[in-house]
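Notes follow the structure.
All values derive from a computational prediction rather than experimental measurement. Atoms within each ligand, like the ligands themselves, are counted from 1 in listed order. For the single chain, residues carry numbers from 1 onward in sequence order.
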Amino acid sequence: MLKIYFELNGEPMYVEIKPGEMLLDLLRRLGMKSVKEGCRTGECGACTVLLDGKPVRSCLTFAAKIKGHRVTTLEGLGSPANPHPLQEAFLETGAVQCGFCTPGMILVAYDLLSRNPDPTPEEVREAITGNLCRCTGYVKIVEAVLLAAKRRREGVWR
Ligand code: FES
Ligand code: FES
């Protein structure tokens, strides 16, 4: 067992990790249920989290690698009682069906909007290209990100 320090959704964490443990398993063990296990091969994006603000596949990231870094999961953006504007936009546009892909989609969208506040539909599609959704056909997800971007430009954001 190795003890590491990192920051999870703004909170300092000092945890033991198992040899070879992946970040996906560590985060699930820490109760981060938004982090989904899909393919485990880096193809679906369901396990996406932000590492120092950049999207990574937690199924391909060794937990040991996050030592001293910042990890953000969807729980760090908003909650049912206090949803993030991206979560609200996803709900309002019908971009959430089974919801399995949604946390990863929202974190990728969050990263996109922090770099590009006024993306085109094509730029949104490009940003989410590595995140698979079996339910929505992607149209409503793109709509949701564009709606959130508009609200962000209007100052409804955090
Ligand atoms: S579970 Fe990590 S990319 Fe699919
Ligand atoms: S809403 Fe079901 S996989 Fe995207």
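Of all heavy-atom pairs between Asn116 and Pro119, the closest is O-CD, 3.3 Å. Shown here for Val108 and Ala127, the closest heavy-atom pair between the two residues is CG1-O, 3.1 Å.
Every atom of ligand 1 with a heavy atom of Glu43 under 4.0 Å away is listed here by number and element: 3 (S). Of all the atoms in ligand 1, the ones that sit under 4.0 Å from a non-hydrogen atom of Cys44 are 1 (S), 3 (S), 4 (Fe). Listed by number with element, the atoms of ligand 1 under 4.0 angstrom from any heavy atom of Cys47 are 1 (S), 2 (Fe), 3 (S). Near Arg40, the atoms of ligand 1 lying under 4.0 angstrom from a non-hydrogen atom of the residue are 1 (S), 4 (Fe). Heavy-atom proximity to Cys135, at under 4.0 Å, picks out these atoms of ligand 2: 1 (S), 2 (Fe), 3 (S). Near Arg134, meaning under 4.0 Å from one of its heavy atoms, ligand 2 places the atoms 3 (S). Residue-ligand proximity, Gly99 to ligand 2, at heavy-atom distances under 4.0 Å covers atoms 1 (S), 2 (Fe). Remark: ligand 1 atoms within the under-4.0 Å shell around heavy atoms of Gly42 are 3 (S). Against a heavy-atom cut-off of under 4.0 Å, Gly38 is close to the following atoms of ligand 1: 1 (S).
A salt bridge between Glu21 and Arg29 is present, with a side-chain N of the basic residue lying under 4.0 Å from a carboxylate O of the acidic one. A salt bridge does not link Arg115 with Glu123: none of the charged nitrogens is closer than 4.0 Å to a carboxylate oxygen. Between Arg152 and Asp118, no side-chain nitrogen of the basic residue sits less than 4.0 Å from a carboxylate oxygen of the acidic one, so the salt-bridge criterion is not met.
Using a 4.5 Å cut-off on side-chain heavy atoms (C-beta onward), Val49 and Val35 make contact.
Atom 2 (Fe) of ligand 2 has an N, O or S atom of Cys98 under 2.8 Å away, backbone or side chain. At least one N, O or S atom of Cys39, from either the backbone or the side chain, sits less than 2.8 Å from atom 4 (Fe) of ligand 1. For Cys133, every N, O or S atom stays at 2.8 Å or more from atom 2 (Fe) of ligand 2. Distance check for Cys59 against atom 4 (Fe) of ligand 1: none of its N/O/S atoms falls below 2.8 Å.
At least one donor-acceptor pair closer than 3.5 Å links the side chain of Asn9 to the backbone N or O of Thr73.
Counted by atom type alone, Glu75 and Ser34 present one or more donor-acceptor pairs between their side chains at under 3.5 Å. Counted by atom type alone, Thr120 and Glu122 present zero donor-acceptor pairs between their side chains at under 3.5 Å.
Here Arg57 has side-chain heavy atoms under 4.0 Å from ligand 1, and that is the only part of it that gets that close.
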